[in-house]
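Below is one structure; the comments refer to it alone.
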Amino acid sequence: MKTLTPLQNESELLQRCRALAGIELQEIASFYHQTIPKSLHQAKGFVGQLIEQALGALSANQPEPDFPHLGIELKTLPLNANGLPRETTYVCTAPYTIQACTEQWENSRVQKKLARVLWVPFEADPSIPLPKRRIGNALLWSPDKATAQILREDWEELSAMLQLGQSALLSAKIGRYLQLRPKAAHSRILSPAVNDLNELIQTNPKGFYLRTVLTQKILAEHYCQSFV
DNA sequence: TACTGATCATTC
DNA sequence: GAATGATCAGTA
């Protein structure tokens with residue numbers, strides 16, 4: 001692992017990924033003088049943030065790609081003992097306001113986030129101690145035509161429901177690749193929305209997530225057998 | 001055991 | 001409070 005210099009282009013980013021491939025979390029953590037938490041229970045974003053740091057991602061906590069200059073979004077992907085995605089992948093928050101709901105797919109936050117993604121798989125089998133879990137081979141990905149079409153259809157269906165104030169009908173079961181689920185510190189948090197009569201109401205904030213069926217498909221199409 | 005709804009840490 | 005990084009955990 002080398003000291004970070006600003007990233008100039010994609011090949012430098014991929015080169016940095018190759019340096020991380022196969023190494024254990026403890027190696028990265030000790031390089032950055034970070035302590036690995038005993039569990040992820042109270043540090044759910046730890047692995048993602050550690051890898052952001054190791055790859056030199058810039059825009060922390062901003063609604064922008066992790067590498068704004070390159071237009072690339074970084075996503076870590078936890079894999080279970082069978083090498084399959086263990087969790088859904090958070091994309092972005094879902095807009096409830098009239099203003100945000102008028103956005104079209106082409107300029108939606110979901111489309112922008114998913115246009116170019118750097119997937120970094122890592123071992124997340126609970127039987128492996130956190131420090132010993134290894135980083136896998138990264139994949140720079142853009143959705144193919146068929147995938148993009150399904151994402152668009154999901155997004156349009158879900159956005160229409162948000163826009164029409166059908167939040168009561170929204171469920172995490174809607175959507176083939178995307179789904180809408182709560183996204184907040186806890187369930188008491190409320191944000192403004194409209195109901196089907198266009199009246200202002202308060203509801204739990206939601207976010208767009210990618211189902212594991214899609215991330216699993218991405219892995220299957222781009223890797224032969226081993227992701228690590 | 002997979003999935004949905006709930007929750008944790010941090011930053012601005 | 002709302003955005004980021006996500007995983008936890010009860011239940012169907």
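This one's a predicted model, so the numbers in the text were calculated from it and none came from an experiment. Naming: A, B, ... by sequence-line order, numbering from 1 per chain.
- Judged by distance alone with a 3.5 Å cut-off, no donor-acceptor contact links the side chain of A:Lys75 to the base of C:dG5.
- Think of A:Tyr90 as one node in a network of Ile, Leu, Val, Met, Phe, Trp and Tyr side chains linked at under 4.5 Å; its network also takes in A:Tyr209.
- One donor-acceptor pair, N or O on each side, does fall under 3.5 Å between the base of B:dT7 and the side chain of A:Lys44.
- Under the 4.5 Å side-chain heavy-atom criterion for grouping Ile, Leu, Val, Met, Phe, Trp and Tyr, A:Leu180 is connected to A:Val213 within one hydrophobic cluster.
- Taking a cutoff of 4.0 Å between a charged side-chain nitrogen and a carboxylate oxygen, A:Glu24 and A:Lys132 qualify as a salt bridge.
- Remark on DNA chain B: of its neighbouring residues A:Ala185 and A:Thr212, the 5'-side contact belongs to A:Thr212, judged by nearest-heavy-atom nucleotide.
- Which of C:dA6, B:dC3, B:dT4 sits closest to the side chain of A:Gln179 comes down to B:dT4.
- Taking the side chain of A:Arg86 as heavy atoms from C-beta on, and the options C:dT4, B:dT4, C:dC8, the nearest nucleotide is C:dC8.
- In this structure A:Arg152 satisfies the salt bridge (Lys or Arg N to Asp or Glu O under 4.0 Å) test together with A:Glu106, A:Glu156, sequence neighbours excluded.
- On a pure distance criterion of 3.5 Å, no polar donor-acceptor pair joins the side chain of A:Tyr90 and the base of C:dA3.
- Of the candidate nucleotides B:dT7, C:dT4, B:dC8, B:dC8 has the atom nearest to the side chain of A:Gln42.
- Side-chain proximity of A:Lys183 to the nucleotides B:dA6, C:dA6, B:dT4 is greatest for C:dA6.
- Checked against C:dT7, C:dT4, C:dC8, the side chain of A:Phe122 finds its nearest nucleotide in C:dT7.
- The nucleotide whose nearest atom lies closest to any side-chain atom of A:Gln62 is, among B:dC12, C:dC8, B:dC8, B:dC12.
- The side chain of A:Tyr209 has C:dA6 as its nearest neighbour among C:dA2, C:dA3, C:dA6.
- Taking only side-chain nitrogens and oxygens, A:His186 never comes nearer than 4.0 Å to OP1 or OP2 of B:dG5.
- Here C:dT4 is the nucleotide among C:dT4, B:dT4, C:dA2 with the atom lying nearest to any side-chain atom of A:Lys113.
- A salt bridge links A:Arg116 with A:Glu10; the closest basic N to acidic carboxylate O contact falls under 4.0 Å.
- Residue A:Thr88 has no polar side-chain atom (N or O) positioned under 4.0 Å from OP1 or OP2 of B:dC3.
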